[in-house]
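Below you'll find the structure, written out as structure tokens, and then a few comments.
Per chain, numbering begins at 1; letters A, B, ... match sequence-line order.
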There are 2 protein chains.
Amino acid sequence: MSNAEALLPILEPEAPAAVAPCCPPLTERPLTAEEAAGTAKMFKALGDPVRLRLFSLVASHEGGEACVCDISDVGVSQPTVSHHLKKLKEAGLLTSERRGTWVYYRVEPSVLAAMGRLLTSATGA
Amino acid sequence: MSNAEALLPILEPEAPAAVAPCCPPLTERPLTAEEAAGTAKMFKALGDPVRLRLFSLVASHEGGEACVCDISDVGVSQPTVSHHLKKLKEAGLLTSERRGTWVYYRVEPSVLAAMGRLLTSATGA
DNA sequence: CGTCTATGTTGACACATGTCGAATCGACGA
DNA sequence: TCGTCGATTCGACATGTGTCAACATAGACG
């Protein structure tokens with residue numbers, strides 16, 4: 001696949017942007033097909049037990065940041081952990097940064113807030 | 001299927017209870033494997049565009065209740081709509097009730113609130 | 001430069017999932 | 001009772017997904 005990447009004009013596999021300010025609360029208005037498609041990607045990313053646990057490990061870590069070595073003890077092999085972290089990154093929920101030997105993952109606070117707003121009914125209840 | 005139900009001791013295929021008061025916010029504490037497994041089911045249920053749209057259609061309907069005939073216009077066949085509604089029901093997000101000819105679906109407000117709390121960071125940000 | 005440790009990628013496999021057409025069930029009306 | 005309409009279930013198929021072993025890459029340290 002590295003060949004294709006070199007030949008093509010570097011088209012990114014997923015649109016990694018514009019996930020934060022998405023939609024009003026679900027109780028307020030039915031989502032359009034486009035809105036649902038974009039939002040469902042985030043929910044789907046959290047729809048796997050391993051990913052949800054990895055995400056909570058990063059989110060609850062000090063400073064909302066965690067090294068892979070700190071969170072790779074979730075019961076699956078390390079390639080699988082890397083695979084899931086990549087999925088979370090593609091969904092816009094995490095960002096990664098390499099500092100020296102280790103790679104650190106951080107949560108995207110705006111995305112968290114947006115998803116929370118989606119599920120927080122504005123109707124008072 | 002009516003035969004099997006009559007013969008077997010009525011074992012339910014999915015545990016339909018105890019989904020509402022689950023976990024503290026994700027930013028507060030890493031989820032255990034059990035918590036993640038249970039919570040991921042709800043996120044997974046909303047991780048499909050069609051299901052998310054169906055859910056928003058029901059949630060935003062008057063009284064948080066909608067007939068299937070009102071929400072079955074999401075671009076897929078009616079059996080598929082029924083299939084997705086069943087999934088949402090199994091995840092504890094919806095409840096169904098038959099009134100005469102039509103079947104009405106309603107949202108479970110406590111579940112919505114619980115999921116919103118999960119994503120609402122208590123750290124102030 | 002060589003080697004070691006830490007992450008990420010590839011290829012392959014088993015399994016789950018979304019989708020539809022056809023058949024079935026349930027309620028209403030002629 | 002029979003026919004019709006709304007909703008679910010069944011059977012089948014194509015696709016997506018999670019998982020791992022093996023390999024590749026990136027930086028650190030002698």
Side-chain angles (χ1 to χ4, degrees), chain A residues 1-6 12-14 33 36-37 40-55 57-58 65-91 94-106, chain B residues 1-6 12-14 33 36-37 40-55 57-58 65-91 94-106:
Chain A
M1 258 224 224
S2 46
N3 288 334
E5 285 176 3
E12 44 240 292
E14 293 278 336
K41 283 183 183 173
M42 300 189 291
F43 280 113
K44 187 185 236 173
L46 295 179
D48 181 86
V50 176
R51 277 199 295 267
L52 184 58
R53 221 166 139 208
L54 286 171
F55 186 78
L57 278 164
V58 175
E65 179 179 88
C67 169
V68 178
C69 53
D70 290 328
I71 62 177
S72 47
D73 192 19
V74 289
V76 293
S77 69
Q78 197 181 39
T80 304
V81 170
S82 194
H83 168 67
H84 284 309
L85 287 173
K86 186 181 181 184
K87 283 285 187 71
L88 287 167
K89 207 164 66 172
E90 285 176 359
L94 292 180
T95 59
S96 68
E97 182 192 359
R98 172 162 225 140
R99 284 209 294 274
T101 307
W102 290 279
V103 177
Y104 294 84
Y105 279 81
R106 290 179 44 178
Chain B
M1 249 230 232
S2 47
N3 287 336
E5 284 175 4
E12 44 239 288
E14 293 277 335
K41 282 183 184 173
M42 299 189 292
F43 281 112
K44 187 185 231 173
L46 295 179
D48 182 87
V50 175
R51 276 200 296 267
L52 185 58
R53 219 165 141 208
L54 286 172
F55 185 78
L57 278 163
V58 175
E65 179 180 88
C67 169
V68 178
C69 55
D70 290 328
I71 61 176
S72 48
D73 192 19
V74 288
V76 293
S77 69
Q78 199 181 35
T80 303
V81 170
S82 195
H83 169 68
H84 284 309
L85 288 173
K86 187 182 180 183
K87 284 285 187 72
L88 287 168
K89 206 164 65 172
E90 285 175 359
L94 292 180
T95 58
S96 68
E97 183 192 359
R98 171 161 226 139
R99 283 209 294 275
T101 307
W102 290 279
V103 178
Y104 294 85
Y105 279 81
R106 291 179 44 178

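Mapping A:R99 and A:S77 onto DNA chain D by nearest heavy atom places A:S77 at the nucleotide closer to the 5' end.
Comparing C:dT19, D:dG18, D:dA7 against the side chain of A:K87 picks out D:dG18 as the nearest. When the nucleotides D:dG16, C:dT19, D:dT19 are ranked by their closest atom to the side chain of B:H84, C:dT19 comes out on top. Set against D:dA7, C:dC20, D:dC20, the side chain of B:V76 has C:dC20 as its closest nucleotide. Side-chain proximity of A:D48 to the nucleotides D:dT19, C:dT9, D:dT9 is greatest for D:dT19. Residue B:R98 has its side chain nearest to C:dA27 when only C:dG21, C:dT9, C:dA27 are considered. Nearest to the side-chain atoms of B:K44 among the listed nucleotides D:dT17, C:dT17, D:dA22 stands C:dT17. Considering only side-chain atoms of A:Q78, the nucleotide from C:dT7, C:dT9, D:dA7 that sits closest is C:dT7. Residue A:C69 places its side chain closer to C:dT7 than to any other of D:dG6, D:dG16, C:dT7.
In this structure, A:R51 CZ and B:K44 NZ are separated by 9.0 Å, a value rounded to the nearest 0.5 Å. Residue A:I71 holds its CD1 atom at 8.0 Å from OH of A:Y105, rounded to the nearest 0.5 Å. Once rounded to the nearest 0.5 Å, the distance linking CG of B:L85 with NZ of B:K89 reads 8.5 Å.
Computed from coordinates, the B:I71 CD1 to D:dG6 P distance equals 15 Å when rounded to whole Å. For A:E90 and D:dG16, the CD to P distance is 14 Å, given to the nearest whole Å. We find that CZ of B:R53 is positioned 12 Å from P of C:dT19, with the value rounded to whole Å. Computed from coordinates, the B:L54 CG to C:dG18 P distance equals 12 Å when rounded to whole Å. The distance between atom NZ of A:K89 and atom P of C:dT7, rounded to the nearest whole Å, is 13 Å. For the pair A:L85 CG and D:dT19 P, the computed distance is 12 Å after rounding to whole Å. Taking atom CH2 of A:W102 as the reference point, atom P of C:dT7 lies 8 Å away to the nearest angstrom.
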Between B:V58 and B:L88, is the side chain to side chain contact (heavy atoms under 4.5 Å, CB included) condition met? List the steps.
CA-CA 11 Å; B:V58 175; B:L88 287 168; over 6 Å; no

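Within the 4.0 angstrom heavy-atom criterion, no nucleotide atom of any strand lies near A:V81. Residue-level contact check: B:T101 touches the backbone only, with heavy atoms under 4.0 Å from sugar-phosphate atoms and none from bases. Backbone-only contact: B:R51 has heavy atoms under 4.0 Å from sugar-phosphate atoms and none from a base.
The shortest distance between the side-chain N/O atoms of A:H83 and the OP1/OP2 oxygens of D:dC20 is not below 4.0 Å. Between B:Y105 and D:dT8 there is a side-chain N or O to OP1 or OP2 distance below 4.0 Å. Phosphate contact (OP1/OP2 of D:dA7, side-chain N/O of B:S82, threshold under 4.0 Å): absent.
Formation of a donor-acceptor pair under 3.5 Å by the B:R106 side chain with backbone atoms of B:T95 is not found in this model.
Contact detail for B:L52 and B:L46: the closest heavy-atom pair is CB-O, 3.8 Å.
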